[in-house]
Each structure stands twice: as structure tokens, then as C-alpha cells.
Amino acid sequence: MIRHIWAEKTLATRRRSFTLTELLVTIAIISILMTIAWGAIGRVREQGRVAKTKSTISKINQIVMAQYDGYRTRRVPVDTRGLPPVIAAKFRLWAIRCIMAWEMPDHWDEIHPSQGVVNQYTLYLQSDHGAVIARSVRAPILWNKYVEFLRQTRAGDVARALHSGNLSEEQTNRYGKLLNAVLLYMIVTVGNPGSRELFQDNEIAFLDFPAIDVDCSSTTRRLPVFVDGWGNPILFIRNPVGFTDSDLQISDPSTHHDPFDPLKVDPYAYASYPLIFSAGPDGA
């Protein structure tokens with residue numbers, strides 16, 4: 001009887017243990033389930049980043065396009081009274097393009113006076129009778145606000161570093177493109193007061209740029225940009241004429257002519273719309 005009870009207890013004890021094979025199988029199953037779960041979580045997080053990026057770009061695009069569409073009826077500071085319709089239309093189209101470059105700059109050289117940009121341009125046109133007609137256009141007040149914004153952020157120190165020759169070609173190209181993101185932030189927030197409140201703090205970041213101050217000392221400057229869901233700066237092209245495969249713009253002046261040129265005084269101009277874009281998850 002005593003031996004029988006001991007045997008039962010021994011068998012019961014053995015039944016409560018696991019073999020090495022059972023443990024390995026269990027670990028494998030748990031690993032597979034964890035991989036599936038992490039994959040699902042990763043896809044959800046990636047979808048969240050995509051949604052955040054689309055939301056940010058959509059808000060920026062609405063602000064930029066409202067400003068862009070306003071140029072169709074924008075009053076230009078050019079006196080065209082008494083001029084032939086074609087000459088007057090050429091002056092207006094030229095003035096609108098100048099103002100757009102001043103108010104929606106997508107390149108540093110379009111905004112900062114130290115790079116050769118001036119606050120006034122003059123155009124000379126010849127009439128059918130051979131007379132030369134000249135008109136001038138001055139930079140709008142908004143351009144002066146942009147210049148002040150860049151002065152306050154010390155962005156000129158960054159441009160000085162990019163033109164110094166001390167950076168590698170790769171660094172010069174990289175930071176030159178990132179300055180485009182700073183200009184986009186400037187257009188949205190300075191050009192459209194109150195629009196900053198539409199963006200959450202995680203949609204804006206401050207990037208470190210190499211800089212050279214007025215004393216010729218190397219330093220860094222932190223400049224604001226809009227960022228996508230992956231933390232990469234959102235960029236901007238005012239006239240993306242190279243994107244001819246887009247559904248928004250077709251390089252056909254006859255069927256999709258420049259809306260700012262109703263009299264078609266520029267026969268080669270076709271409709272082109274600002275492009276707000278993210279480099280995506282790879283940042284390329």
C-alpha cells in the first residue's frame with residue numbers, strides 16, 4: 001500500500017512537468033504571435049504617420065492655395081492706363097509673377113537682399129509703333145515682413161555658411177533644400193497671420209543649421225519648419241513645372257493655359273500650381 005501511494009504521487013508529479021520540446025514549441029508559438037502583433041502595431045503606427053502627414057499638408061495647401069488664387073484678382077501697382085490691351089496685359093502678367101516671387105518665395109535667393117534680390121524691378125516693352133514703354137513694380141509690404149522674419153531668426157547666418165565654401169557639396173545641397181522648408185513656414189505663418197494656431201506643436205520642429213555669424217565665427221541656428229509624420233521637413237515648390245505627369249497640371253498651353261494670362265500674351269505659359277510635399281518615410 002505504501003509503495004502504491006508513492007507510485008501515484010510520483011506519476012502525478014511527473015504529469016505536472018513540461019518536456020524541453022514542449023517548451024520550445026510554446027516559445028516558438030509565442031514568438032510568432034508577438035511578431036504578428038508587432039507587425040500589426042507597426043502598420044497601425046505607419047498609417048497614423050501617413051494620416052498625420054496628409055492632414056498637415058492639407059492644412060498648408062489650403063492656406064497656400066487661398067493666397068495663390070488671390071493673385072487672379074490682385075491689383076498690381078502698375079499704371080496701365082492708356083496702354084494697348086496687349087501691352088497692358090504683358091505688364092500685368094509680369095508684375096503678378098514678380099509679386100508672387102516676393103510673396104511666395106521657394107528659394108533663398110528670391111527673398112534675401114544679400115543674395116542680389118532687389119525690392120524693385122523695371123520692364124521695358126516695345127509697342128507696335130516702335131516706342132519703348134517702361135513700367136516698374138516695387139516689392140509689397142509682405143516682402144519686408146519676410147525680410148524682418150529672416151533677420152529675427154538669424155537665417156542670414158545660415159545663408160552665409162552655405163555660400164562660404166566651408167561645407168561639403170552634400171551639406172550645401174542638403175541645408176539649401178531645408179531652407180526651402182523654412183520659407184514655407186514663413187509664408188504660412190507670416191504671410192497669413194493667425195494660421196499658426198491651426199497647427200499642433202508636433203507638426204512643427206526647429207532644425208539646427210550650420211551658420212556663420214557677423215564675426216565670422218562658426219555656429220548654429222535653429223529655424224522652424226513644418227514636419228511630416230516621420231519628422232522630416234515638408235517642402236514647397238511654387239511653380240513645379242517639372243512635374244508634368246501630375247493630374248493637376250498639364251504642360252499644354254493651348255488647353256491648360258496660365259490662368260493669370262487671360263489674353264495669352266505668353267503663348268508658352270501653362271497652368272502650374274504650388275506643390276506641397278513630404279519626402280515620405282525614407283526621407284529621400
Side-chain angles (χ1 to χ4, degrees), residues 45-68 100-101 103-112 115 145-147 149-164 167-192 195-212 219-243 246 248 272-284:
R45 293 178 64 182
E46 192 69 8
Q47 291 174 357
R49 293 189 181 102
V50 172
K52 174 184 178 297
T53 302
K54 289 183 177 180
S55 174
T56 304
I57 289 180
S58 177
K59 288 186 288 187
I60 297 173
N61 185 69
Q62 289 179 6
I63 295 171
V64 171
M65 284 305 302
Q67 181 175 337
Y68 180 80
M100 289 177 64
E103 294 188 345
M104 302 182 70
D106 61 355
H107 194 276
W108 177 261
D109 294 349
E110 290 182 326
I111 183 63
H112 204 271
Q115 305 304 321
K145 293 182 179 180
Y146 288 165
V147 173
F149 168 83
L150 297 174
R151 186 192 66 80
Q152 292 178 355
T153 57
R154 306 292 295 274
D157 295 346
V158 177
R160 191 178 296 112
L162 296 182
H163 289 85
S164 66
L167 303 178
S168 66
E169 182 179 356
E170 188 275 334
Q171 288 178 313
T172 301
N173 292 335
R174 177 173 179 268
Y175 289 111
K177 291 178 180 178
L178 292 180
L179 274 178
N180 171 275
V182 177
L183 296 179
L184 175 60
Y185 178 88
M186 179 186 69
I187 292 170
V188 173
T189 59
V190 179
N192 301 270
S195 60
R196 170 61 180 87
E197 300 176 359
L198 301 176
F199 298 90
Q200 300 178 6
D201 291 340
N202 62 0
E203 295 177 290
I204 297 172
F206 286 82
L207 302 183
D208 289 331
F209 286 81
I212 297 178
T219 183
T220 59
R221 293 284 179 259
R222 303 196 71 198
L223 303 180
V225 298
F226 292 111
V227 292
D228 59 20
W230 301 272
N232 298 318
I234 295 176
L235 304 176
F236 159 67
I237 303 177
R238 184 179 67 251
N239 294 116
V241 294
F243 293 81
S246 170
L248 296 179
S272 177
Y273 304 95
L275 175 64
I276 315 296
F277 65 97
S278 159
D282 58 359

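Excluded from the calculations below are hydrogen atoms, water molecules and symmetry mates; all remaining heavy atoms, backbone and side chain alike, are included.
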Interatomic distance, His107 atom NE2 to Lys177 atom NZ [nearest 0.5 angstrom]: 11.0 Å
Spacing of Lys145 atom NZ and Met186 atom CE [to the nearest 0.5 Å]: 12.5 Å
Over 12 foreign heavy atoms within 6.0 Å of CD, Gln152: yes
Name of the residue among Lys59, Lys52, Lys54 meeting salt bridge (charged side-chain N to carboxylate O under 4.0 Å, His left out) with Glu203: Lys59
Side chains of Leu179 and Leu223 in contact at under 4.5 Å (non-hydrogen atoms): yes
Sub-4.5 Å side-chain heavy-atom contact between Thr153 and Val182: no
For Gly280 against Asp228, the heavy-atom pair lying closest together: N-OD2, 4.1 Å
Separation of Thr219 OG1 from Asp157 CG (nearest 0.5 Å): 8.0 Å
Leu183 backbone acceptor or donor facing Asp106 side chain under 3.5 Å: no
Side chain proximity check, Leu207 to Tyr175, heavy atoms < 4.5 angstrom: no
Check: Arg221 side chain, Val158 main-chain N or O, donor-acceptor pair, under 3.5 Å: no
Qualifying residue for side-chain contact (heavy atoms from CB on, under 4.5 Å) with Ser195, from Ile60, Val190, Val188: Val188
Stepwise salt bridge (charged side-chain N to carboxylate O under 4.0 Å, His left out) test for Asp201 and Arg196: CA-CA 10 Å; Asp201 291 340; Arg196 170 61 180 87; 3.3 Å; yes
Side chain proximity check, Glu169 to Asn173, heavy atoms < 4.5 angstrom: yes
Heavy-atom side-chain proximity of Trp230 to Glu46 below 4.5 angstrom: yes
Passing candidate, side-chain contact (heavy atoms from CB on, under 4.5 Å) with Thr53, options Ile57, Thr56, Val50: Ile57
Shortest non-hydrogen separation from Phe236 to Pro105 and the atoms involved: CE2-O, 3.8 Å
Any Pro233 side-chain heavy atom under 4.5 Å of Tyr185 side chain: no
From CG (Asn239) to CE (Met100), nearest 0.5 Å: 5.5 Å
Closest contact, heavy atoms only, Pro274 versus Asn61: O-OD1, 4.5 Å
CD-CZ distance between Glu103 and Arg238, expressed to the nearest 0.5 angstrom: 11.0 Å
Minimum heavy-atom distance Leu235-Ala181, with the two atoms named: CD2-CB, 3.7 Å
Main-chain N/O of Ile187 paired with Asn192 side-chain donor or acceptor, under 3.5 Å: yes
Candidate pair Ile237 and Phe277, rule side-chain contact (heavy atoms from CB on, under 4.5 Å), full reasoning: CA-CA 9 Å; Ile237 303 177; Phe277 65 97; 3.8 Å; yes
Gap separating the CG atom of Leu184 from the OG1 atom of Thr189, nearest 0.5 angstrom: 9.0 Å
Within-4.5 Å side-chain heavy-atom neighbours: Pro210 and Gln171: no
Contact check, side chains of Ile276 and Phe226, non-hydrogen atoms, under 4.5 Å: no
